[in-house]
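Everything below concerns the one structure shown next.
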Amino acid sequence: MSGMQWLRTGLIAVVGAAYLWLGHQASISSDPPLLSLLIGLAPLSVSALLLAWASRSPWLLGLCVAALLAMLLKLDYLRANTAWVYFIQHAGMHAMLGVMFGRTLGHDHSAALCSQVSRVVYGNDLDAAFYLYTWRVTVVWTAYFALTTLLSVLLFWLGPLAWWSVFANLLTPVIIGAIFVIEFAIRQRTLPRNRHASIAQTIKAYREYSQRKQ
């Protein structure tokens, strides 16, 4: 990578680490700063607005705007329950992704979500062995999302809040990164004759796939 790319990657890593640490501190604090609440609300709020805008439904867009206004009017209440904001975001996002990945497993191997993302990268010239592999990767991601959702709920309700916060805000990104790295290594060993997209290319392909589905 060039010097500018290294600098950009470093800045993203620093900002990401700061966001995760702020989320952890806000989740375990009895009096979190307002900034931590707003940062916690931002990803879910922006995602909801983008989905509503893409749906072109005035009713759905109006519902999202009304929900945002309601949250602004209840900032003090939400600030006193910031851990709930981060919990709903963590468990809800993983549950949604689990359904998104899992619902593509009941058909042909080529219909699995990871198979569809692979076609964005490689085109349609993929054989049955590749589709079987990407179907299995979809199974792994589905299992991860389901187990993470379950563990998030159990830790939040039954364990110390600090344990849940460490898992949700600090360990989850590490686990996701490890899955990407391990999958890339296994793919190179399992399918040595195929071209292999990098982790960055895979993430970019998923974003492009998501945009096409909107």
Side-chain angles (χ1 to χ4, degrees), residues 6-51 67-68 71-72 74-102 113-114 137-186 198-200 202-204 206-207 210:
W6 277 112
L7 178 60
R8 184 176 62 179
T9 301
L11 287 174
I12 291 174
V14 170
V15 171
Y19 171 82
L20 296 172
W21 182 251
L22 181 62
H24 171 62
Q25 292 298 316
S27 296
I28 63 176
S29 173
S30 59
D31 186 28
L34 179 61
L35 177 62
S36 64
L37 170 63
L38 296 177
I39 291 176
L41 289 171
L44 204 58
S45 301
V46 172
S47 298
L49 281 174
L50 289 176
L51 288 173
L68 287 176
M71 286 190 293
L72 289 175
K74 289 292 186 178
L75 279 180
D76 289 338
Y77 175 80
L78 291 174
R79 183 166 171 254
N81 297 275
T82 301
W84 274 92
V85 173
Y86 283 89
F87 166 68
I88 292 172
Q89 179 175 280
H90 183 261
M93 188 64 69
H94 279 81
M96 183 186 70
L97 288 171
V99 171
M100 185 186 302
F101 276 67
L113 193 144
C114 291
V137 174
T138 306
V139 171
V140 170
W141 278 112
T142 302
Y144 161 75
F145 291 131
L147 290 173
T148 298
T149 302
L150 177 61
L151 188 55
S152 183
V153 171
L154 291 176
L155 283 175
F156 189 83
W157 283 102
L158 302 178
L161 186 58
W163 290 10
W164 171 83
S165 183
V166 168
F167 170 70
N169 293 306
L170 303 181
L171 291 183
T172 295
V174 176
I175 295 172
I176 291 175
I179 293 175
F180 272 112
V181 172
I182 293 171
E183 185 278 320
F184 182 72
I186 293 175
S198 66
I199 295 174
T202 301
I203 296 174
K204 181 180 179 181
Y206 176 75
R207 290 175 178 169
S210 299

> Yes or no on side chain to side chain contact (heavy atoms under 4.5 Å, CB included) for L154 and L150, after CA distance, side-chain angles and deciding distance?
Replying inline: CA-CA 6 Å; L154 291 176; L150 177 61; 4.0 Å; yes
> Taking all atoms of both residues into account, what is the closest heavy-atom pair of N169 and Y86, and its distance?
Replying inline: OD1-CD2, 3.9 Å
> Closest heavy-atom contact between C114 and V137?
Replying inline: SG-CG1, 3.7 Å
>> Can you give me the closest heavy-atom contact between T142 and G102, atom names plus distance?
In response: OG1-N, 3.4 Å
>> Using a 3.5 Å distance criterion without hydrogens, assess whether the side chain of T172 forms a donor-acceptor pair with backbone atoms of F167.
In response: yes
> Is there a donor-acceptor pair closer than 3.5 Å between any side-chain N or O of T148 and the backbone N or O of Y144?
Replying inline: yes
> Taking it one step at a time, do W157 and F87 satisfy side chain to side chain contact (heavy atoms under 4.5 Å, CB included)?
Replying inline: CA-CA 10 Å; W157 283 102; F87 166 68; 4.2 Å; yes
>> Testing the basics here: between A91 and S152, what is the closest heavy-atom pair and its distance to 0.1 Å?
In response: CB-OG, 4.0 Å
> Got a sec, which residues hit ring pair (Phe, Tyr, Trp, His ring centres under 6.0 Å) with F145, two or more places apart in sequence or on another chain?
Replying inline: H94, F101, W141
> Taking I179 as the fixed residue, which of I175, V181, I176 is the one that meets the side chain to side chain contact (heavy atoms under 4.5 Å, CB included) rule?
Replying inline: I175
>> Walk me through whether F156 and H90 qualify under side chain to side chain contact (heavy atoms under 4.5 Å, CB included).
In response: CA-CA 11 Å; F156 189 83; H90 183 261; over 6 Å; no
